[in-house]
Number of protein chains: 2
Amino acid sequence: MVTIRDVAKASRVSTASVSIVLNNAPLARHVAAATKERILRVAKEMGYRPNVLARSLRRQNSHTLGILTFDIRDPFCTGVLEGAFEAMYAVSYLPFVADVRNERKRFEQYLEMLLERRVEGLLVIANWLFMDIDLLNDLAQNKIPTVIVGTLMPQSGVPTVITDNEAGGYAAMEHLYALGHRKIAFLRGPRMLTDAALRWRGVRAFARSRKLRLEPKLVLDLPSLPDPFSGFEAGKHLTGQLLHQNRRFTALLAYDDMTALGAIRALVQSGLSVPNDCSVVGFDDIAPAALGTPALTTVRQPLERLGSVAVDTVLKAIRAVKDKTLHGVARQPLVIVPELVVRETTGPRG
Amino acid sequence: MVTIRDVAKASRVSTASVSIVLNNAPLARHVAAATKERILRVAKEMGYRPNVLARSLRRQNSHTLGILTFDIRDPFCTGVLEGAFEAMYAVSYLPFVADVRNERKRFEQYLEMLLERRVEGLLVIANWLFMDIDLLNDLAQNKIPTVIVGTLMPQSGVPTVITDNEAGGYAAMEHLYALGHRKIAFLRGPRMLTDAALRWRGVRAFARSRKLRLEPKLVLDLPSLPDPFSGFEAGKHLTGQLLHQNRRFTALLAYDDMTALGAIRALVQSGLSVPNDCSVVGFDDIAPAALGTPALTTVRQPLERLGSVAVDTVLKAIRAVKDKTLHGVARQPLVIVPELVVRETTGPRG
DNA sequence: TTGTACGCGTTATCAG
DNA sequence: CTGATAACGCGTACAA
């Protein structure tokens with residue numbers, strides 16, 4: 001590997017000059033044009049690549065962020081990741097990504113590894129499972145700028161970027177109501193989950209505004225399970241239950257897309273048609289939502305936007321720390337408005 | 001940030017002793033137990049975290065791999081990633097992941113960034129788009145151990161890990177044939193794509209073995225488009241075309257799941273039922289395949305396995321370079337056997 | 001333009 | 001046996 005010293009020797013100047021010229025530092029103005037050119041040429045010829053490790057050591061920054069995901073296969077994660085990557089690319093930061101797989105041990109080990117690598121900031125793409133495990137402390141301990149994306153941790157104190165769940169729930173209800181649905185079944189999220197509570201609040205808010213009564217027997221709660229794809233099974237199972245009890249409903253609002261997809265499976269397997277016999281609405285707009293037939297109507301979380309806003313927030317915090325302008329990051333969660341995507345699983349009341 | 005010097009001072013020993021003890025180096029045997037304990041305790045109390053940048057600089061290794069993905073949202077990528085992460089976690093390597101988004105410029109920039117960061121090896125999760133752009137040279141240039149996953153680049157010279165496409169094609173045909181299907185439509189992959197060619201070869205091999213004639217009019221080729229999700233649209237469009245021409249077929253074998261999902265959409269929208277009127281088989285077994293209704297029958301690529309094998313291969317190559325045992329990595333592509341997953345989109349000929 | 005101390009941990013060599 | 005000293009890896013930045 002060719003070092004800056006090699007280049008210096010070959011160009012017959014000092015390493016200082018090489019560094020100055022290659023970085024186009026202010027002092028480069030005082031370097032003779034001919035010398036500059038020579039250095040540039042030699043460096044290229046020799047295929048010199050500065051060692052970022054050494055640079056980071058010296059500059060005390062790594063141009064690196066750590067991203068902790070709860071499950072890389074979850075489309076929610078990858079959506080956020082895409083946005084995060086984009087924002088990082090724009091400022092030439094590189095991400096370490098660590099897939100926690102919903103395991104506490106991994107979370108802690110990865111966190112340690114990332115800190116040892118001197119990442120400048122941390123992004124945590126979370127789901128409800130991050131709740132049980134009180135890793136929040138681990139996060140709060142380290143002074144390093146951190147942002148949580150995707151779910152609201154009660155009193156975590158960590159800056160958060162989320163979708164406006166309440167608005168989403170409201171919009172979904174509005175849509176179903178407009179189509180004439182009055183008997184609506186709900187597959188709510190796990191009870192302790194803040195997001196679930198907020199979505200439900202949006203639903204209730206809408207119902208109140210239209211004096212629509214929500215039938216308690218049509219409201220079921222998802223258990224909180226560790227596997228993200230288990231949402232599918234849960235949705236299928238709960239819907240099957242509803243069907244088994246002969247409950248009447250013409251529409252179903254699911255906690256998220258995975259749940260909705262499971263619900264559809266149960267409906268179709270019972271010989272019902274979606275949306276003719278029952279409309280279904282999801283939440284998230286993960287990739288599979290659009291790929292199934294019929295395509296899922298859902299409340300789209302602006303995943304890429306969540307990711308990029310989160311990165312911007314972390315970067316801002318990093319700068320704030322550097323400049324010691326302590327009025328760094330907003331304490332309030334950053335809330336991003338979702339968007340209803342009407343596709344094929346909803347239709348007028350049959 | 002607390003450094004090794006701080007710990008040394010606080011434990012009243014030299015930095016050397018601290019390093020030796022904390023790393024449990026061979027020399028640690030010669031350190032008095034009491035001293036050891038003191039160092040350990042002080043280090044923990046002070047929350048000392050070794051600076052991996054400095055360590056890497058000294059040891060001339062980074063314990064880091066670079067992973068280039070063509071599109072982080074593609075379920076194929078994330079499947080491979082999961083396996084890769086797992087294998088890396090086992091040896092405490094951390095991945096930089098760079099999402100190329102099928103853009104040449106990004107590929108080159110990221111590649112440069114990764115090399116500057118002294119990643120020890122490179123993993124390229126590729127799809128057909130990596131073909132057009134002759135980035136292979138860029139890869140071959142750098143001496144750094146590299147493995148390509150997921151698609152076979154003709155004469156690239158870069159070690160590759162792939163699924164046995166031919167076996168997969170064969171298995172899919174076998175399944176359809178056993179169900180009684182004889183009029184089978186094919187949505188082949190892009191013509192220049194090696195994987196597509198191999199799958200097709202598997203199909204033909206089976207047909208020959210049963211003296212089954214393949215109707216040329218039922219064989220269509222996908223265009224090669226840049227967006228991974230475009231496979232869906234292409235599948236839908238080509239199937240629509242087939243239907244429009246009133247071609248008779250009782251089963252359809254798609255290039256991959258995305259294509260298959262698109263085909264199903266077209267079939268259902270034409271009033272046909274899957275699998276009653278037409279069976280459909282995909283290839284890959286990406287997550288959405290199992291989530292749709294009906295669930296897709298498909299040839300599963302062992303994605304995690306591809307990822308972990310790829311990482312193991314890179315690590316092996318890294319070690320080979322270090323030990324200068326030049327008989328490093330196999331020149332032959334590593335081929336992993338796929339598995340037919342029978343779900344709901346295939347049934348006996350109607 | 002250059003010399004050189006510095007950032008931080010590792011390890012070979014040396015002294016007690 | 002026990003521990004310290006110092007060179008090293010590489011690029012940066014300031015004084016000269």
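Numbered from 1 within each chain, the chains take letters A, B, ... in sequence-line order.
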Note to self: So does A16(B) get a backbone contact from the side chain of S19(B), meaning a donor-acceptor N/O pair under 3.5 Å?
What the structure shows: no
Next item on the list: Have a look at S17(A) and say if it touches a base, only the backbone sugar-phosphate, or nothing, with a 4.0 Å heavy-atom cut-off.
Entry: base
Next item on the list: State whether T35(B) places a side-chain N or O below 4.0 Å from either non-bridging phosphate oxygen (OP1 or OP2) of dG3(D).
Entry: yes
Margin query: Is the distance from the ring center of Y89(B) to that of Y110(A) below 6.0 Å?
Written below: yes
Notebook entry, point to check: Within the structure shown, what part of the strands sits under 4.0 Å from V52(A) by heavy-atom distance: base, sugar-phosphate, or nothing?
Noted result: nothing
Margin query: Students should find this one: the first and last nucleotides of DNA chain C, 5' to 3', lying under 4.0 Å from a heavy atom of chain B. What are they?
Written below: dC8(C) to dT11(C)
Notebook entry, point to check: Roughly how many Å is it from CD1 in I4(B) to P in dA4(D), rounded to a whole number?
Noted result: 12 Å
Check: Picking from V52(A), L94(A), L53(A), what satisfies side-chain contact (heavy atoms from CB on, under 4.5 Å) with E116(B)?
Finding: V52(A)
Margin query: Output the rounded distance in Å from CG (L22(A)) to P (dA13(D)).
Written below: 13 Å
Margin query: Tell me the interatomic distance from E116(B), atom CD, to dG11(D), atom P, rounded to whole angstroms.
Written below: 10 Å
Notebook entry, point to check: Do any of residues 53-66 of chain A sit with a heavy atom less than 4.0 Å from DNA chain D, and if so which?
Noted result: A54(A), R55(A), R58(A), R59(A)
Check: Would you say E112(A) and R49(B) make side-chain contact, with heavy atoms under 4.5 Å?
Finding: yes
Check: Tell me, do Y48(B) and L22(B) make a side-chain contact under 4.5 Å, heavy atoms counted?
Finding: yes
Item checked: Partner of L334(B) by side-chain contact (heavy atoms from CB on, under 4.5 Å), out of V149(B), V147(B), T313(B) -> T313(B)
Checklist line | Axis deviation across the helix from dT1(C)-dA16(D) to dG16(C)-dC1(D), five-pair ends, to the nearest 10° | finding: 60°
Check: Mind checking whether V321(A) and K143(A) have side chains closer than 4.5 Å, heavy atoms only?
Finding: no
Note to self: Check this for me: does any side-chain nitrogen of one of R41(A) and E37(A) sit under 4.0 Å from a carboxylate oxygen of the other?
What the structure shows: no
Notebook entry, point to check: Is V18(B) touching bases, backbone alone, or none of the nucleic acid, heavy atoms closer than 4.0 Å?
Noted result: nothing
Next item on the list: Tell me which of R5(A) and R12(A) sits closer to the 5' end of DNA chain C, going by the nucleotide each one is nearest to.
Entry: R12(A)
Next item on the list: Identify, between T15(B) and P50(A), the residue whose nearest nucleotide on DNA chain D lies closer to the 5' end.
Entry: T15(B)
Next item on the list: Find out whether N61(A) and E120(A) are in side-chain contact, i.e. whether some heavy atom of one side chain is under 4.5 Å from a heavy atom of the other.
Entry: yes
Margin query: Classify A32(B) by what it touches in the nucleic acid, base, sugar-phosphate, or nothing, heavy-atom distance under 4.0 Å.
Written below: sugar-phosphate
Next item on the list: Would you name the heavy atoms of L306(A) and I162(A) that are closest together and state the gap between them?
Entry: CD2-C, 3.7 Å
Notebook entry, point to check: Is L152(B) close to P333(B) at the side-chain level, that is, under 4.5 Å between some pair of heavy atoms?
Noted result: yes
Note to self: What is the separation between atom CZ on R117(B) and atom P on dG9(D), rounded to the nearest whole Å?
What the structure shows: 22 Å
Note to self: Pick the closest DNA chain C nucleotide for N23(B) and for S14(A) by heavy atoms, then say which residue is nearer the 5' end.
What the structure shows: S14(A)
Next item on the list: May I have the distance from M1(A) (atom CE) to dC10(D) (atom C1'), rounded to whole angstrom?
Entry: 12 Å
Next item on the list: For T3(B), answer base if it contacts any base atom (sugar-phosphate contacts may also be present), sugar-phosphate if it contacts only those atoms, and nothing otherwise; contact means non-hydrogen atoms under 4.0 Å.
Entry: sugar-phosphate
Note to self: Can you confirm whether R118(A) sits close enough to M1(B) that some side-chain heavy atom of one is under 4.5 Å from a side-chain heavy atom of the other?
What the structure shows: yes
